[in-house]
S.K.: 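This is the structure, below, for whatever I ask next.
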Amino acid sequence: MERLRQRADFLAAAAGVRAPATGFVLQVRGRGDDGPPRFGFTASRKVGTAVERNRARRRLRDVVRRTDAADVATGHDYVLVARRAALSLPFDRLVAEFRSALRRVADKRRTGETGARAHRVRGAGKTDGTASARPARRAQG
RNA sequence: UCAGUCGGCCGGACGGCCGCUGCGGCAAGGGCCGAAAGGCCGCCGGAGAGGAAAGUCCGGGCUCCUUGGACAUGCGGUGCCGGAUAACGUCCGGCGGGGGAAACCCCAGGGAAAGUGCCACAGAGAACAGACCGCCGUCCCGCCUCGGGCGGGCGGCAAGGGUGAAACGGUGCGGUAAGAGCGCACCGCGCCUCCGGCAACGGAGGCGGCACGGCAAACCCCACCGGGAGCAAAACCGAAUAGGGGCGGCAGGAGCCGCAAGGCUCAGGUCGAUGUCCAGACCCGCCGCCCGGGUAGGUUGCUCGAGACGCCGAGCAAUCGGCGUCCUAGAGGAAUGGCCGUCACGCGCGGGACCUUUGCCGGUUCCGCGCCCUACAGAACCCGGCUUACAGGCCGGCUGAUACA
């Protein structure tokens, strides 16, 4: 997994498409090339103390690591902004939320529209039933 | 065993799957990103948060700044004595004062006879203090139920009451009209001498009749210490763009001066919604190359150090010396983890057995289920301290009580 390091990259992603969830807010920006996707993680002071911020960032990092491939587009930067719930939510729930958020973001980018379509997309994310199938396939490879 | 007190230590364990960071070794040829500097990509091995990593309150190392140094002034800090230390406001050992039955704990603990200032309220009186109640008189006046009493005047008194944080030292005896260091003894206080101690200070003796209230976290005085900023310090490498300097090539209307270089004048272009005129400001060339400063960015600084552990020695101790062994996190939108299982510890609920009891309560142990699945908390240049936070647990010293021997 390639990580975002420069402050400018984070600022650019913040201006892109966003998809809120209980545990985090996902922000995506197309870079305009076809390199590998990159990920950044942010946990502000609002999340809690230094210990809690580190823990939130590490959990989100592993959420991304276990999801990989499929819904992630090449040539895009993804930033996960941690919320306080990222500390207490069950891990499986976070993984499901991340898949849902990825799908919503992809829809938004395809239609070029935001706002009105978000309701339908959020409903589609809840019916996602492939949560347990993906890690199993990973184990074979 | 219980109660208290002081000090030290630990602060989950094991395993599975999947990851991260840097180090060492092996490979050494290539690929990718970038304009460059530089970065990333392979396999194996071992390593990877704390006692406070925290607050950023003191003290240092290190780096840069004032050209460098000295002194003075100002400002800030510290404040019993001795020792430890690189240094400290830290630590150790003492001294003095206060608390406790004791172990032990607490103290911002220099100077108030260098000066200035403040001491509210209450109270009669508060800093060369003071008669409100009261006590006393062989003094004077008046009245009466007349060897006495009452009231008033004059005078004496700081013992008692009352106020206050504090009232010209306390207790006792003598003394007196009543009283008072007025006199005496003891205690306190001040001064002097001697003795003990490196010293803070302690002890003894003598003298003084008591003067010298408190506040210096009020100004101040005295002694000692301190230049400022901080790793986003700082060093090196180094784009794009704008601007600076230099070199070369090409272009350069008209007139005048000049051999020439060049100079002057008139033209030329840009500026306001547009055009003309006037005034003003600016440009007064274009292209290529080179140089230096410097921003983004990159690399270094970055972990071998007042280092850790063990043994021996010195010292009451803080600590110091010697010898041996070891290398023990180095990130940078920030690695040191995520998920799961088993176990331990703790807490709660239910049940069984045993001890105790009339019984309840209580204690021990076993089983099952549930909870927390750990508290406080995450290195950010590095050390020495201080302060604050902390579930639970372990060990030891000392004091007191009880039991046994």
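A note on names: the letters A, B, ... follow the listed sequences, proteins ahead of strands, and every chain is numbered from 1. FYI, side chains are in, hydrogens and waters are out, and symmetry mates aren't considered; it's all heavy atoms of this structure.
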S.K.: If I pick the P atom on B:rC95 and the same atom on B:rC105, what distance separates them, to the nearest angstrom?
M.R.: 15 Å
S.K.: Scan every strand shown for a Watson-Crick or G-U wobble partner of B:rC118, both distances under 3.5 Å, and answer none if you come up empty.
M.R.: B:rG214
S.K.: Tell me the interatomic distance from A:Leu60, atom CG, to B:rG333, atom C1', rounded to whole angstroms.
M.R.: 14 Å
S.K.: Using the rule side chain to side chain contact (heavy atoms under 4.5 Å, CB included), only one of A:Leu60, A:Val17, A:Leu80 pairs with A:Leu26; which is it?
M.R.: A:Leu80
S.K.: Taking the minimum atom-to-atom distance to the side chain of A:Arg65, which one of B:rA379, B:rC18, B:rA335 wins?
M.R.: B:rC18
S.K.: Who is the Watson-Crick or G-U wobble partner of B:rG253, with both distances under 3.5 Å?
M.R.: B:rC266
S.K.: Using atom CG of A:Leu80 as one end and atom P of B:rG333 as the other, report the distance to the nearest whole Å.
M.R.: 18 Å
S.K.: With both distances kept under 3.5 Å, what pairs with B:rC43, Watson-Crick or G-U wobble?
M.R.: B:rG25
S.K.: Hey, does the side chain of A:Arg61 come within less than 4.0 Å of B:rU336's phosphate (OP1/OP2), counting only N and O?
M.R.: yes
S.K.: Determine if the base of B:rA49 is syn or anti; take syn to mean the glycosidic torsion is within 90° of 0.
M.R.: syn
S.K.: Are any side-chain N or O atoms of A:Arg84 and backbone N or O atoms of A:Val47, one a donor and one an acceptor, separated by less than 3.5 Å?
M.R.: yes
S.K.: Under a 4.5 Å cut-off applied to non-hydrogen side-chain atoms, are A:Phe41 and A:Phe24 in contact?
M.R.: no
S.K.: How far does the C1' atom of B:rG117 sit from the matching atom of B:rG170, given to the nearest Å?
M.R.: 33 Å
S.K.: For B:rU325, what is the paired nucleotide under Watson-Crick or G-U wobble rules, both distances under 3.5 Å?
M.R.: B:rA308
S.K.: With the 4.5 Å side-chain cut-off for hydrophobic clustering, are A:Val25 and A:Val79 part of the same group?
M.R.: yes
S.K.: Paired with B:rU399: which nucleotide, if any, by Watson-Crick or G-U wobble criteria at under 3.5 Å for both distances?
M.R.: B:rA3
S.K.: Should B:rG275 form a Watson-Crick or G-U wobble pair with both distances under 3.5 Å, which nucleotide is its partner?
M.R.: none
S.K.: Is the shortest side-chain N/O distance from A:Arg58 to OP1 or OP2 of B:rU336 below 4.0 Å?
M.R.: yes
S.K.: Counting only side-chain nitrogens and oxygens, does A:Arg55 get under 4.0 Å of the OP1 or OP2 atom of B:rG338?
M.R.: yes
S.K.: How would you label the glycosidic angle of B:rU328: syn (within 90° of 0) or anti?
M.R.: syn
S.K.: Would B:rG39 be called syn or anti, given that syn covers angles within 90° of 0?
M.R.: anti
S.K.: Whom does B:rU342 pair with, Watson-Crick or G-U wobble, provided both distances fall under 3.5 Å?
M.R.: B:rA13
S.K.: May I have the distance from A:Arg57 (atom CZ) to B:rG378 (atom P), rounded to whole angstrom?
M.R.: 13 Å
S.K.: Given that both distances must come in under 3.5 Å, which nucleotide forms a Watson-Crick or G-U wobble pair with B:rU176?
M.R.: none
S.K.: Looking at every strand, decide which applies to A:Arg53 at a 4.0 Å heavy-atom threshold: base, sugar-phosphate, or nothing.
M.R.: nothing
S.K.: Using modelled atom types and a 3.5 Å cut-off, is there a donor and acceptor pairing between side-chain atoms of A:Arg53 and backbone atoms of A:Ala43?
M.R.: yes
S.K.: To the nearest Å, how far apart are A:Asn54 CG and B:rA331 C1'?
M.R.: 11 Å
S.K.: Answer syn or anti for B:rG61, where the cut-off is 90° from 0 on the glycosidic torsion.
M.R.: anti
S.K.: Counting only heavy atoms not in A:Arg18 (residues, nucleotides, ligands), do more than 12 fall under 6.0 Å from its CZ?
M.R.: no
S.K.: So A:Arg59, base contact, sugar-phosphate only, or nothing? Heavy-atom distance under 4.0 Å.
M.R.: sugar-phosphate
